[in-house]
Amino acid sequence: AQIRAGGVTHIVDEPLVLKNEYVCAEFEPGTLKLISLTDRRTQKKLITRERPSAYFRLISEADTFKRSAWTIGPYGQIDDLNQNGFVRIGDCMLTGECPYFCYDIGFGKSRLHVTVSLPKESPTLRFSLKVDWREFGEENGVTPLLQFYVPFGFKADSYRYDIPCGTIDRKATGHDVPAIFYASAVPSMQAETISITTDCKYGYRGVNNSLIVNLLHGSYFPDPCPDIGEHCIEIGLSAIENVNGTEMLEQATRFVHPIMAYSSAIHTGELRAEMSFCEITGGARLLAFKRAEKDESSLILRLCQYGPEKTVSLKLLLPVEKAEVTDLTETQAENLVFDDNTIHMFLPTNAVRTLRLKLRNTR
């Protein structure tokens with residue numbers, strides 16, 4: 001492979017390696033497929049050279065259904081773009097706080113630009129895509145479908161998908177299913193696994209010990225060219241230490257909703273340099289946070305239990321004056337017991353609870 005780093009061109013035959021304290025990822029120099037992904041916390045190899053992974057496929061989808069915008073038909077020809085296309089490597093920096101490399105692939109009338117990076121202190125490889133999509137489907141012909149394909153090096157019993165108010169485990173199936181934040185493999189013989197997430201795509205498929213996410217679909221009805229043009233897509237591929245923990249949700253949430261830091265001028269203030277408005281323990285996920293509809297002095301927190309049923313604790317920054325559990329319309333209410341700024345409540349698996357809090361003004 002020919003790579004450019006610091007204005008100098010290098011010819012290399014060794015794999016391109018992105019590595020931090022969490023994972024080590026090796027990419028084949030010619031195709032830039034992922035040929036090794038090792039979780040350095042457990043030394044477990046999740047992707048192996050025998051099944052190269054994390055590459056792009058162009059599917060020629062059979063025109064079985066006329067309502068092509070809402071359906072994915074049977075697969076016809078499958079074109080491995082990284083293997084069969086011309087992969088042109090661009091900028092490359094394999095050291096530093098966020099090592100990365102870039103490559104381009106041309107296919108049909110379209111072009112795909114990929115930046116692969118590994119941020120410091122993260123077990124998630126980031127694939128940042130810029131796609132100039134110019135592929136058209138046609139009635140009584142084929143419909144093009146662009147995919148990100150992730151085979152892995154272990155056996156999966158099932159596949160876990162993030163859905164509203166919880167998760168669902170499904171057996172391997174030959175059709176797409178929806179997921180909000182992530183799709184993950186549930187291994188049969190180990191705790192370590194992988195998951196994939198995106199910032200804007202929701203059609204996943206788990207089958208044949210692989211994960212697939214659909215990226216662009218050249219449907220022809222009712223709109224003959226719905227996706228024609230430029231697209232920016234972010235894909236995350238995470239090494240997960242324990243499939244039974246909350247790490248999949250945490251990594252996907254951090255990927256989709258990153259914390260943004262803003263600089264400001266030096267000034268005095270009353271708050272500490274590091275603090276949190278609300279700390280939640282017990283496996284619950286915060287679904288919503290807003291002002292109450294009929295009382296702007298109160299706050300609404302909506303929680304869902306993603307783990308086993310247990311007592312959930314909410315520790316607030318400020319002391320609580322009143323705490324209630326309400327229905328979804330915030331009308332019927334039941335008082336909650338609390339001590340100063342901490343609330344405890346029992347939350348069954350997949351249950352949703354709406355809390356209305358009135359905080360004591362301490363200023």
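The residues of the chain are indexed from 1 along the displayed sequence.
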Original post:
Is the closest side-chain heavy-atom distance between P52 and T31 below 4.5 Å?
Top reply: no
Original post:
Is the shortest side-chain N to carboxylate O distance from K120 to E97 below 4.0 Å?
Top reply: yes
Original post:
Does a sphere of radius 6.0 Å around CD in E21 hold more than 12 heavy atoms from other residues, nucleotides or ligands, not counting ones at 6.0 Å or beyond?
Top reply: yes
Original post:
Can you find a heavy atom in the side chain of P15 that is under 4.5 Å from one in the side chain of I35?
Top reply: yes
**OP:** Report yes if the side chains of V320 and L336 come closer than 4.5 Å at any heavy-atom pair, otherwise no.
**Re:** no
Original post:
Side chains of D80 and K33: closer than 4.5 Å at any heavy-atom pair?
Top reply: yes
Original post:
Counting only N and O atoms by type, is there a donor-acceptor contact under 3.5 Å from the side chain of E61 to the main-chain atoms of G73?
Top reply: yes
Original post:
Under 3.5 Å, is there a donor-acceptor pair between the side chain of E135 and the main chain of K109?
Top reply: yes
**OP:** Give the minimum heavy-atom separation between G166 and N350, together with the two atoms involved.
**Re:** CA-OD1, 3.8 Å
Original post:
Taking side chain as C-beta onward, heavy atoms only, is L299 less than 4.5 Å from F277?
Top reply: yes
**OP:** Under the salt bridge (charged side-chain N to carboxylate O under 4.0 Å, His left out) rule, what do K358 and E321 come out as? Steps first, then yes or no, please.
**Re:** CA-CA 5 Å; K358 192 178 205 53; E321 184 175 305; 5.4 Å; no
Subject >> F255 vs Y182, ring-ring contact (aromatic ring centres under 6.0 Å, His included): CA-CA, chis, key distance, verdict >> reply: CA-CA 10 Å; F255 185 88; Y182 67 84; over 10 Å; no
Original post:
Under 3.5 Å, is there a donor-acceptor pair linking the side chains of D223 and S219?
Top reply: no
**OP:** Output yes when a side-chain donor or acceptor of N214 lies under 3.5 Å from a complementary backbone atom of K201, and no otherwise.
**Re:** no
Original post:
Will you find, in the side chains of Q147 and Y75, an N or O donor that is under 3.5 Å from an N or O acceptor?
Top reply: yes
Original post:
How about K19 and P99: do any of their side-chain heavy atoms sit closer than 4.5 Å?
Top reply: no
**OP:** Can you spot which of R40, R41, K44 makes a salt bridge (Lys or Arg N to Asp or Glu O under 4.0 Å) with E241?
**Re:** R41
Subject >> Check: E234 main-chain N/O paired with D199 side-chain donor or acceptor under 3.5 Å >> reply: yes
Original post:
When hydrophobic residues are tied together by side-chain contacts of less than 4.5 Å, even through go-betweens, does L314 share a cluster with I300?
Top reply: no
Original post:
With hydrophobic residues grouped by side-chain heavy-atom distances under 4.5 Å, do I235 and F101 end up in a single group?
Top reply: yes
**OP:** Considering only NZ, NE, NH1 and NH2 on the basic side and carboxylate oxygens on the acidic side, decide whether K322 and D295 come within less than 4.0 Å.
**Re:** no
Original post:
Within the distance-only criterion (no hydrogens, no angle test), does the side chain of T167 pair as donor or acceptor with the backbone N or O of Y161 below 3.5 angstrom?
Top reply: no
**OP:** Return yes when atom CZ of R49 has more than 12 non-hydrogen atoms of other residues, nucleotides or ligands closer than 6.0 Å, and no otherwise.
**Re:** no
Original post:
Are any side-chain N or O atoms of R205 and backbone N or O atoms of G174, one a donor and one an acceptor, separated by less than 3.5 Å?
Top reply: yes
**OP:** Say whether, by atom type as modelled, one donor and one acceptor occur between the side chain of R51 and the main chain of F152 under 3.5 angstrom.
**Re:** yes
Subject >> Closest approach of E247 to A239 (non-hydrogen atoms, all atoms of both residues) >> reply: OE2-O, 3.5 Å
**OP:** Check the side chains of E250 and T246 for a donor-acceptor pair under 3.5 angstrom, ignoring hydrogens and angles.
**Re:** yes
Subject >> Rounded distance (nearest 0.5 Å) linking atom CD1 of I194 with atom CE of M248 >> reply: 11.5 Å
Original post:
Are any side-chain N or O atoms of D162 and backbone N or O atoms of L249, one a donor and one an acceptor, separated by less than 3.5 Å?
Top reply: no
Subject >> Under 3.5 Å donor-acceptor, Q251 side chain and T124 backbone >> reply: no
Original post:
Just checking, any donor-acceptor pair under 3.5 angstrom between side chains of R302 and T354?
Top reply: yes
Subject >> Under 3.5 Å: donor-acceptor pair, side chain of N208, backbone of S210 >> reply: no
